[in-house]
Amino acid sequence: MGALYFYGKGYLLFCAQQGEQSVGYALACAISILILCRRISSRRYLRMPMKKIDKLSGRSFEKYLLAQFRHLGYHVTLTDASHDYGADLVIKKHGEKIVVQAKHYERNVGIAAVQEAVGSIAYYDADRAMVVTNSGFTKSAWNLAGQNDVELWGRDVIRKKFKIRD
């Protein structure tokens, strides 16, 4: 129905001194506005070109990944900014739980990110891990990821998976 409907109905009930009912409509209005803001934010991330992705902060990059993985059909949880135990996102699809370590770097991502992702599997009781970056990976990161079955998504992979334009 929308935020305007809930606002109008709640206002009319408030004016008619039916305060208890108007509170329910005010709450529905607030929830509608929150959902609308979330959709606008997600759409902004889904249409973002690579140049803007490169300018995001680390936490904004995590929110960008949240929107993109949701768009791909995953149920996504963003972990706390601090004390994340090596995972920035926990994504679920088809009964599989995957921990995602997000790295927004200008340089190639090294083995520390892979080590963090591997360590987070047990903590979050996940099936596997991924490291996702707007950059690339060092050779040692590729080697360690291969030995630990960690999926690496670098710049070229996210361009294809998320259909990013230049």
Side-chain angles (χ1 to χ4, degrees), residues 2-3 29-166:
C29 177
I31 291 169
S32 296
I33 291 171
L34 183 66
I35 290 169
L36 178 64
C37 290
R38 190 174 175 185
R39 284 184 182 163
I40 289 169
S41 177
S42 289
R43 284 190 183 136
R44 180 177 63 99
Y45 282 132
L46 294 175
R47 295 184 177 137
M48 192 172 280
M50 203 70 206
K51 288 178 187 177
K52 286 196 177 181
I53 294 167
D54 289 336
K55 292 179 183 177
L56 294 173
S57 69
R59 191 63 173 175
S60 293
F61 184 64
E62 293 168 12
K63 291 176 183 178
Y64 167 80
L65 293 177
L66 180 140
Q68 288 290 358
F69 279 115
R70 276 193 180 145
H71 186 70
L72 293 177
Y74 288 89
H75 177 273
V76 184
T77 304
L78 189 64
T79 63
D80 291 335
S82 61
H83 309 300
D84 62 18
Y85 299 97
D88 298 306
L89 303 163
V90 179
I91 62 175
K92 297 175 187 174
K93 190 174 183 180
H94 305 304
E96 183 180 39
K97 186 191 281 189
I98 305 166
V99 287
V100 178
Q101 175 63 279
K103 291 296 181 188
H104 186 266
Y105 282 3
E106 290 181 18
R107 62 190 189 285
N108 285 340
V109 176
I111 62 170
V114 178
Q115 291 168 333
E116 290 172 5
V118 169
S120 70
I121 294 171
Y123 183 81
Y124 290 99
D125 192 29
D127 299 303
R128 60 190 181 96
M130 296 173 67
V131 180
V132 182
T133 183
N134 65 312
S135 187
F137 296 94
T138 63
K139 186 175 180 169
S140 42
W142 280 106
N143 291 338
L144 186 60
Q147 292 296 315
N148 289 279
D149 198 31
V150 174
E151 195 170 345
L152 301 181
W153 286 19
R155 189 176 191 87
D156 293 336
V157 175
I158 67 168
R159 274 190 167 154
K160 291 176 189 167
K161 298 271 187 183
F162 300 151
K163 297 179 178 139
I164 301 169
R165 55 189 164 83
D166 289 325

Could you check whether any side-chain N or O of [X] sits under 3.5 Å from a backbone N or O of [Y], counting only pairs where one atom can act as donor and the other as acceptor?
X      : Y      : answer
Thr138 : Asn108 : no
Arg107 : Ser135 : no
Gln101 : Gly86  : yes
Lys103 : Gly110 : no
Thr79  : Asp84  : no
Lys93  : Leu72  : yes
His71  : Leu46  : no

Rounded to the nearest 0.5 Å, what separation is found between the [atom1] atom of [X] and the [atom2] atom of [Y]?
X      : Y      : atom1 : atom2 : value
Glu151 : Arg128 : CD    : CZ    : 5.0 Å
Asp127 : Glu96  : CG    : CD    : 5.0 Å
Phe61  : Tyr105 : CZ    : OH    : 11.5 Å
Ile158 : Ile53  : CD1   : CD1   : 5.5 Å
Ile121 : Asp149 : CD1   : CG    : 8.0 Å
Arg59  : His104 : CZ    : NE2   : 14.0 Å

Discussion item. Determine whether Tyr123 and Val99 satisfy the following criterion, side chain to side chain contact (heavy atoms under 4.5 Å, CB included), listing intermediate values before the conclusion.
Written reply: CA-CA 10 Å; Tyr123 183 81; Val99 287; over 6 Å; no
Shortest non-hydrogen separation from [X] to [Y] and the atoms involved:
X      : Y      : result
Val132 : Phe69  : CG2-CZ, 4.4 Å
Ser120 : Tyr85  : CB-O, 3.0 Å
Val90  : Lys97  : CG1-CG, 3.6 Å
Val76  : Arg70  : O-NH2, 3.6 Å
Ala129 : Ala117 : CB-O, 3.6 Å
Leu78  : Asp88  : CD1-O, 3.5 Å

Worksheet item: Do Lys161 and Gln68 come within less than 4.5 Å of each other through their side chains, counting heavy atoms only?
Response: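 Side-chain contact under 4.5 Å: no.
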Worksheet item: Any side-chain heavy-atom pair from Leu65 and Ile91 closer than 4.5 angstrom?
Response: no
Discussion item. With side chain to side chain contact (heavy atoms under 4.5 Å, CB included) as the criterion, how do Tyr74 and Leu89 come out once you've worked through the C-alpha distance, each side chain's angles and the decisive distance to 0.1 Å?
Written reply: CA-CA 11 Å; Tyr74 288 89; Leu89 303 163; over 6 Å; no
